[in-house]
Amino acid sequence: MHTTSWHSVSMTLDECIKCNICTSYCPVAAVTDKFPGPKYAGPQAQRFRESGQITSPDVWVDYCSACRVCNEVCPSGVKIAEINARAKAQIVHERGIPLRNWFFGRNEILGRIGNLAPQIANLGFHNPVSRLMAEKILGVARHAPIPHWSTEGNFRAWFARREKLRAEKKVAYFHGCSTNYYEPAVGKAAVAVLEHLGYEVVLPPQNCCALPMLNNGEFPAAEKLFRSNLKKLAPYVDRGLPIVGTSTSCVLVLREEATEMLDLENAQTQALKAGMWDISEWLRERLEQGELPTDFRELQMVVPYHVSCQARAHRMGRPGLDVLMLIPGLDVREGNAKCCGLAGTYGYKAEKYDIAMQVGEDAFRFVRAQGEGVRYVTADSEICRWQLEHGTQKLGRHPVEILAAAYGLYDLDRRQLLAEMK
Amino acid sequence: MLDLIVIGAGLSGMLAAHTAARAGARVAIVSKGLGALHWSAGTIDALGYFPDEKTPVSSPLAALPMLAPNHPYTLCDAPAAWREFAALTHACGLPYAGANADANLWLPSPAGAARPTWLAPRAQLAGDLARAEPMLIVGVRGMRDFFPELIAENLRKQNHAARAAFVPLEVITARHDSNSVQLAHALDDPARQLKLARELKKIVQRGERIGLPAILGLDNHPNAFQTLEAETGAAIFEIPTLPPSVPGIRLNDALRRELHRLGVRVDVNMDVRGFHADGARIAFVESETSGQPLKHRAEKFLLATGGILGGGIQSDPTGKTWEAVFDLPLTIAPNRGDWFRARFFDPAGHPIFRGGVAVNRVFQPVNAHGAPVYANLWAAGGVLAHADPILERSLEGVAIATGVAAGKFASQA
Ligand code: SF4
Ligand code: SF4
């Protein structure tokens, strides 16, 4: 292979040829005048953010949702989304972080607190009065699809309780915060599928991947989280255990985004990059190696598949689709909407909620166009699934849940393992 | 397993994939970027000027036999490929046509200069400078990078009757700052099409044809164009804008839809940087990802990554040049001093732009002895040697002719 042409983020700035293609594709600039678009926010405004300059002139960079569509279409490889993220970090550094964004950055702590008494937490937070108050006081959009805390205990507790498969072949699982606190069912389905392949699943200690902090410009705190994960995962990487993740955005942060934005590349980050997989990507690899069981049941249904912006940012094709297409009877329809709109914590912010819903309209329309009978939509990122549920009233499911159902291990409706259902 | 992987999603790659898929092959495209159509005026330039000459070509068909024997056009049936392309555009609802008789069409450029082209989308045809009707060039006040006064003045200098006028931005959009693509999206809305038509009707005089920036809709373009012609009673033509170019994007989208219909999967944002060959056969190519490189396997591969401007050929400041994916032999002089002529606008062009990958009669890349480098590799488009697409004004014509030819040979092999 040729040596990689990896440019540092700021170096790529000079490669901008001002073609405006990024602006033509930016889903946010398409719906609002508040954001002039990637070319202006990224390579253009960056010229005014030289070190030593006292204040950044462009608070509107905050309207960038970090969806990375611009990076994908730029013909010159300018890392626009990263430039924007750094600009946000500079603003936070200069002016401090709004309380709300501070909370969003700490969704793991929120997850943990809510998890102590999930019924009470759900009731306390998810009622119209508190949501209205949260909007007025904190600026958290009152209608945004903020997830409910799992009332069945967290994923790790479930994992610790159960009888595990012991086997030669082992795989480590990175569940991320959302699976642990909000959607343990995704983790259960993943474990069931991995064990069905004959792998023993091990659970490394882990913490939040730092995506919310990176998106909200809290770089020093994000670096702490990233380094902590790096340390916790290192023993597994060193032993050559593949680490698979069901949250495609966590995997992206750990493999690439954090290293790139925080300028941390070293041998250890490279080893993690090579040793970590999105679960569908890893399953597709098993398929290519002839190791994926094909004892599928027929699933007679149409499932719209929204390609999350984070999944696209991996540049790994559409492994979720490749794997789901093996299931007999299943008609998976791929959409081409650029972004669901929610993009991390973007659509949760009161001033951005409407923008996020307008951006999401393409994705919603695609889902609706697949017919009345559609019950589930699938996407690799939890954020997209929640937004699609919110925008279309369908049930959002991770591809691995559908796969688990096709292997006869999982009830898609109740989100439970058949083995655990009475 | 796929029969064919095409590397590159520009015009040549898409036509190669289309030709092979129509012949029954299972085809996929992997590409680093979206392809150069986003910069293109959307027209098909076949041959505007002879190499090493200033003389414009009046008929590409008559000029083809005069080209050097190694020019890509002489290796294939270019006119047949152009006809196939025209038929394809009709089938996908974005019909292209040329001048009557076998001559080049001359259309106004974004600066009001005359530019030769072979085929143009219907929405540009009424700009034909051979026609006599006076032109009303209409700009949108507040739109960047489109200057009707400049265009009209330059046209008058070339003895065409032309005058300039403006319509207000609010007719098209409520937003204050939009680029051409965003304006085109706004004009997908039938209500706005009508509003614009009413404004135009106020300013157009009898017998005039109306030239507008190329923003007349994207997804709903045919309807926008028809509405404007019907409501104003005047012939309408689009003048391409600076990038991003709406006519190029329309062509890109139409071809992508057609590929989708044929079951050709297109993956962009995949930078193919490596490959593995078992002897003379390429087993797979590898693209860069956020994790481990992704392997793409197929029976055959077709290289359509573009030339030195498109990224298919790379260079470094020391004067080293290499073909980006397979490191194929190039016809480029090793000495950087031989790449350029002294003057930037030298009429004879710069030798570097003629350099590239040499192919045999079935479009397989060959070495200095004329033997194929790999048994299962073909090439098309800007990466090929012995054409200077900029000087000759042959970019799209070469892309189509060689894309169709290479796609055909690859699927037959
Ligand atoms: S990351 Fe998304 S929202 Fe931000 S500038 Fe790029 S395309 Fe626009
Ligand atoms: S697409 Fe890339 S090169 Fe073009 S304006 Fe945007 S950043 Fe610059």
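Values below: all heavy atoms of this structure, side chains included; hydrogens, waters and symmetry mates excluded. Throughout, a chain's letter reflects where its sequence line sits, starting with A, and its residues are numbered from 1.
- Between Phe275(B) and Tyr374(B), the ring center distance clears the sub-6.0 Å criterion.
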task = Might you work through the salt bridge (charged side-chain N to carboxylate O under 4.0 Å, His left out) test for Asp362(A) and Arg365(A), ending with a clear yes or no?
result = CA-CA 5 Å; Asp362(A) 275 353; Arg365(A) 203 176 309 120; 3.2 Å; yes

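- For residues 294-312 of chain B, the set of pairs meeting the salt bridge (Lys or Arg N to Asp or Glu O under 4.0 Å) definition, not counting sequence neighbours, comprises Arg281(B)-Glu299(B), Glu286(B)-Lys295(B).
- Only the backbone of Ala30(A) comes within contact range of chain B, judged by heavy atoms closer than 4.5 Å.
- Interface residue Gln182(B): only side-chain heavy atoms are found under 4.5 Å from chain A.
- The shortest side-chain heavy-atom distance between Leu377(B) and Leu328(B) falls under the 4.5 Å cut-off.
- Between Phe284(B) and His276(B), a ring centre-to-centre spacing shorter than 6.0 Å is recorded.
- In this structure, the portion of Arg284(A) lying under 4.5 Å from any heavy atom of chain B is its side chain and not its backbone.
- Contacts between Val307(A) and chain B at a heavy-atom distance below 4.5 Å are absent for every atom of the residue.
- If you measure heavy-atom distances from Leu254(A) to chain B, you find no contacts under 4.5 Å at all.
- Most heavy-atom pairs under 4.5 Å with chain B: of the set Arg318(A), Met316(A), Glu72(A), this distinction falls to Arg318(A).
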message = Please evaluate residues Asn223(B) and His221(B) with respect to the criterion side-chain hydrogen bond (donor to acceptor under 3.5 Å, both in side chains), reporting the C-alpha separation (whole Å), side-chain torsions for both, the decisive distance (0.1 Å), and the verdict.
response = CA-CA 5 Å; Asn223(B) 188 58; His221(B) 165 64; over 6 Å; no

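- Chain A forms the most heavy-atom pairs under 4.5 Å with one residue out of Val181(B), Val30(B), Asn269(B), and that residue is Asn269(B).
- There is no contact between Arg256(B) and chain A, counting heavy-atom distances below 4.5 Å.
- The part of Val266(B) that comes within reach of chain A is its backbone (N, CA, C, O), which places non-hydrogen atoms under 4.5 angstrom from that chain.
- Contacts between Asn179(B) and chain A at a heavy-atom distance below 4.5 Å involve the side chain alone, from C-beta outward.
- Annotation: Lys34(A), atom NZ; neighbour count of heavy atoms from other residues, nucleotides and ligands within 6.0 Å does not exceed 12.
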